[in-house]
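For the numbers below, each heavy atom of this structure counts, side chains included, while hydrogens, waters and symmetry mates do not. Chain identifiers are assigned alphabetically (A, B, ...) following the order of the sequence lines, protein sequences preceding nucleic acid strands; residue numbering begins at 1 within each chain. All values reported here derive from a predicted model rather than from experimental measurement.
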Amino acid sequence: EVQLLESGGALVQPGGSLRLSCAASGFTFSAYAITWVRQAPGKGLEWVSTISGSGGSTFYTDSVKGRFTISRDNSKNTLFLQMNSLRAVDTAVYYCAKGGNYVYNAMDVWGQGTTVTVSS
Amino acid sequence: QSVLTQPPSASGTPGQRVTISCSGSSSNIGSNTVNWYQQVPGTAPKLLIYDNNQRPSGVPDRFSGSKSGTSASLAISGLQSEDEADYYCAAWDDSLTGYVFGTGTKVTVL
């Protein structure tokens, strides 16, 4: 069974840092792009970042460029999101989602999400 | 900010047909395929339609998608109570070099 399991969400102060992880199983991890999507309380879905299967290509939404870094360890079937200089507006549930062979493909499997709260 | 526009709500009685529109531009829907996601409140999103009109295994054929130019639509025929959820369209945007989601539509079964 294809599964994604996020972890690392926490309460953090503005300006702080956090590292999210997404453990994958049930598929050839290195063959697929993986995406982070977030959802602020009571709001819609927002794309955050995507990384290609090899890790050689990364893409970010403008509001996190320079603050967030997506990476992956294909030997450990794990995706990461390093979040620095966190702001209150980054408060959200963060989902990782499996894409296709190309970064623009649909996301067909989603994790259950991990909650990030940025507050003093 | 969402660059794909959807109506905030849609509703119907059981058995009715409901259609949700998604309006974009030449850099997203006009250039790439459209996907639709269903999200029951409190749960993770689920892929409902991919590549404009394809259903993943396990998705009932009551759900169908279409695309024309810079717009797309999702139709739910034979509406059922379990279809009550939020629905999002999405597509890759070549100008933003990123994925964009629609504003979301809440479907209520009356």
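- Only the backbone of B:T43 comes within contact range of chain A, with at least one heavy atom under 4.5 Å from a heavy atom of that chain.
- In this structure A:S54 satisfies the side-chain contact (heavy atoms from CB on, under 4.5 Å) test together with A:S52, sequence neighbours excluded.
- No donor-acceptor pair closer than 3.5 Å links the side chain of A:Y104 to the backbone N or O of B:D94.
- Hydrophobic clustering (ILVMFWY, side-chain heavy atoms < 4.5 Å, transitive): A:Y60 and A:L79 are in one cluster.
- In this structure, the side chains of B:Y99 and A:V37 stay at 4.5 Å or more apart for every pair of heavy atoms.
- Sorted pairs that involve residues 43-81 of chain A and meet disulfide bond (SG atoms under 2.5 Å apart), not counting sequence neighbours, are lacking altogether.
- Aromatic rings from B:W92 and A:Y102 are positioned such that their centres are separated by 6.0 Å or more.
- Between A:K43 and B:Y88, the shortest heavy-atom distance links the atoms O-OH, 4.0 Å.
- Note on A:F27: it does not cluster hydrophobically with B:L47, by side-chain heavy-atom contacts below 4.5 Å among ILVMFWY residues.
- Minimum interatomic distance between A:Y95 and B:Q39 (heavy atoms only, all atoms of both residues): OH-NE2, 3.5 Å.
- Both A:V103 and A:M107 sit in one connected hydrophobic cluster of ILVMFWY residues. Membership requires side-chain heavy atoms under 4.5 Å apart, directly or through other members.
- A chain of hydrophobic side-chain contacts below 4.5 Å, direct or via other Ile, Leu, Val, Met, Phe, Trp or Tyr residues, connects A:V48 to A:V109.
- Remark: A:D62 CG to B:L96 CG distance equals 7.0 Å, nearest 0.5 Å.
- In terms of non-hydrogen atom pairs under 4.5 Å with chain A, the most contact-rich of B:P56, B:P45, B:P41, B:A44 is B:P45.
- In terms of hydrophobic clustering, with Ile, Leu, Val, Met, Phe, Trp and Tyr side chains grouped at heavy-atom distances under 4.5 Å, B:W36 and B:L79 are assigned to a common cluster.
- The two residues B:Y50 and A:A106 make their nearest non-hydrogen contact at CB-CB, 3.8 Å.
- Remark: A:L45 CG to B:T103 OG1 distance equals 11.0 Å, nearest 0.5 Å.
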